[in-house]
Amino acid sequence: VQLQACGGGLVQAGGSLRLSCAASGRTFSNAVGWFRQAPGRQRDFVAATTWSGSRLYYADSVKGRFTIARDIAKNTVYLQMNTLKPEDTAVYYCAALTKMRDMRDKGSYDYWGQGTQVTVSS
C-alpha cells in the first residue's frame, strides 16, 4: 500500500482546508486514518474510517469541525477541516491499516504517507 497525502497549506483561523490521501493497493487495507504532529509533540490521532464506512472515529479536539470521508472509486480518503484554529497547526499524515485493530492507535497502522503541512495563522 502506498499513500500520497496532499492539500495542506496556510490558512487563517476560522478557515477551511481539505486534505486528500490517495491509496494504491487499497484492497490490502481495511481502514485509513489521519494523524498530526506538531513540532516537539508526539503524533496524535485525528480521524479514521474503514473503507466500508462502517466505523468512523474522531479525536475530541476535532469533533464537529473535521469530517473524514472516502471515495472508493478514487481510492481516496479526504479530511475536510473547517473552523480551523492555530492549535490545528501540524504536519498531517495519513496511514493505512491492514488488520482490524484499534483505529485510534498509531501503532495499529502499517503504512504511512509522507505528510502535508497545515499552518493556521491567528
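Residues: numbered from 1 along the sequence shown. Atom set for the values below is all heavy atoms of this structure, side chains included, hydrogens, waters and symmetry mates excluded. Predicted, not measured: the structure shown is a model, and the values here were computed from it.
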Co-membership, hydrophobic cluster, residues Trp112 and Val91, 4.5 Å side-chain = yes

With sequence neighbours left out, which residue pairs that include part of residues 43-87 fulfil the disulfide bond (SG atoms under 2.5 Å apart) condition?
-> none

Residues 36-112 vs disulfide bond (SG atoms under 2.5 Å apart), sequence neighbours excluded, gives Cys21-Cys94

Identify whether Val46 and Leu84 are in the same connected component of the hydrophobic contact network (ILVMFWY, side-chain heavy atoms under 4.5 Å).
-> yes

Only pairs at least two apart or in different chains count here, so list each disulfide bond (SG atoms under 2.5 Å apart) that has a residue in residues 47-77.
-> none

Met81 reachable from Val11 in the ILVMFWY side-chain graph, under 4.5 Å edges = yes

Scan for ring-ring contact (aromatic ring centres under 6.0 Å, His included) pairs involving residues 69-109, sequence neighbours excluded, and state none if there are none.
-> Phe35-Tyr109

Sequence neighbours excluded, the answer for side-chain hydrogen bond (donor to acceptor under 3.5 Å, both in side chains) partners of Thr50 is Ser52, Ser54

Is it the case that more than 12 heavy atoms not belonging to Gln114 sit under 6.0 Å from its CD atom?
-> yes

Side chain to side chain, Arg70 and Val32, heavy atoms closer than 4.5 Å | no

Considering non-hydrogen atoms only, spot the tightest contact between Leu79 and Trp34 and give its length.
-> CB-NE1, 3.6 Å

Heavy-atom closest pair (Trp51 atom, Ala31 atom, distance to 0.1 Å) is CD1-N, 3.9 Å

Might you point out which heavy atoms bring Leu17 and Gly7 nearest each other, and give the distance in Å?
-> CD2-O, 3.9 Å

Path from Met103 to Phe45 over hydrophobic side-chain contacts below 4.5 Å | yes

Pairs where residues 106-121 contributes a residue and the test salt bridge (charged side-chain N to carboxylate O under 4.0 Å, His left out) is met, not counting sequence neighbours = Arg101-Asp110

Residues two or more places apart in sequence or in another chain: which of them pass side-chain hydrogen bond (donor to acceptor under 3.5 Å, both in side chains) with Gln4?
-> none

CD of Gln12 to OG of Ser122, rounded to nearest 0.5 Å, is 9.5 Å

What residue pairs, at least two apart or across chains, pass salt bridge (charged side-chain N to carboxylate O under 4.0 Å, His left out) with a residue in residues 34-45?
-> Arg36-Asp88

For Ser29 and Ala96, work out which heavy atoms get closest and say how close.
-> CB-CB, 3.9 Å

For residues Pro86 and Ala13, report the shortest heavy-atom separation together with the two atoms involved.
-> CD-CB, 4.1 Å

Give every residue pair that meets the disulfide bond (SG atoms under 2.5 Å apart) criterion with at least one member in residues 35-77, sequence neighbours excluded.
-> none

Between CD on residue Gln117 and CD on residue Gln37, distance to nearest 0.5 Å | 11.0 Å

What is the minimum heavy-atom distance between Leu3 and Ala23, and which atoms define it?
-> CD2-CB, 3.6 Å

List for me each residue that meets side-chain hydrogen bond (donor to acceptor under 3.5 Å, both in side chains) alongside Thr83, sequence neighbours excluded, and say none if there are none.
-> none

To the nearest 0.5 angstrom, please state how far the OG1 atom of Thr89 sits from the CD atom of Glu87.
-> 8.5 Å

Mind jotting down which residue pairs meet the salt bridge (charged side-chain N to carboxylate O under 4.0 Å, His left out) criterion with at least one end in residues 12-21? Sequence neighbours excluded, please.
-> none

Cluster overlap Leu56 with Ile72, hydrophobic side-chain contacts below 4.5 Å = yes

From CG (Asn30) to OG1 (Thr98), nearest 0.5 Å = 7.0 Å

Output for pair (Thr76 OG1, Leu19 CG), nearest 0.5 Å, gives 12.5 Å

Please round to the nearest 0.5 Å and tell me the distance separating atom CD of Gln80 and atom CD1 of Ile68.
-> 12.0 Å

Enumerate the residue pairs fulfilling salt bridge (charged side-chain N to carboxylate O under 4.0 Å, His left out) with a member in residues 51-61, sequence neighbours excluded, ordered by first and then second residue.
-> Asp60-Lys63

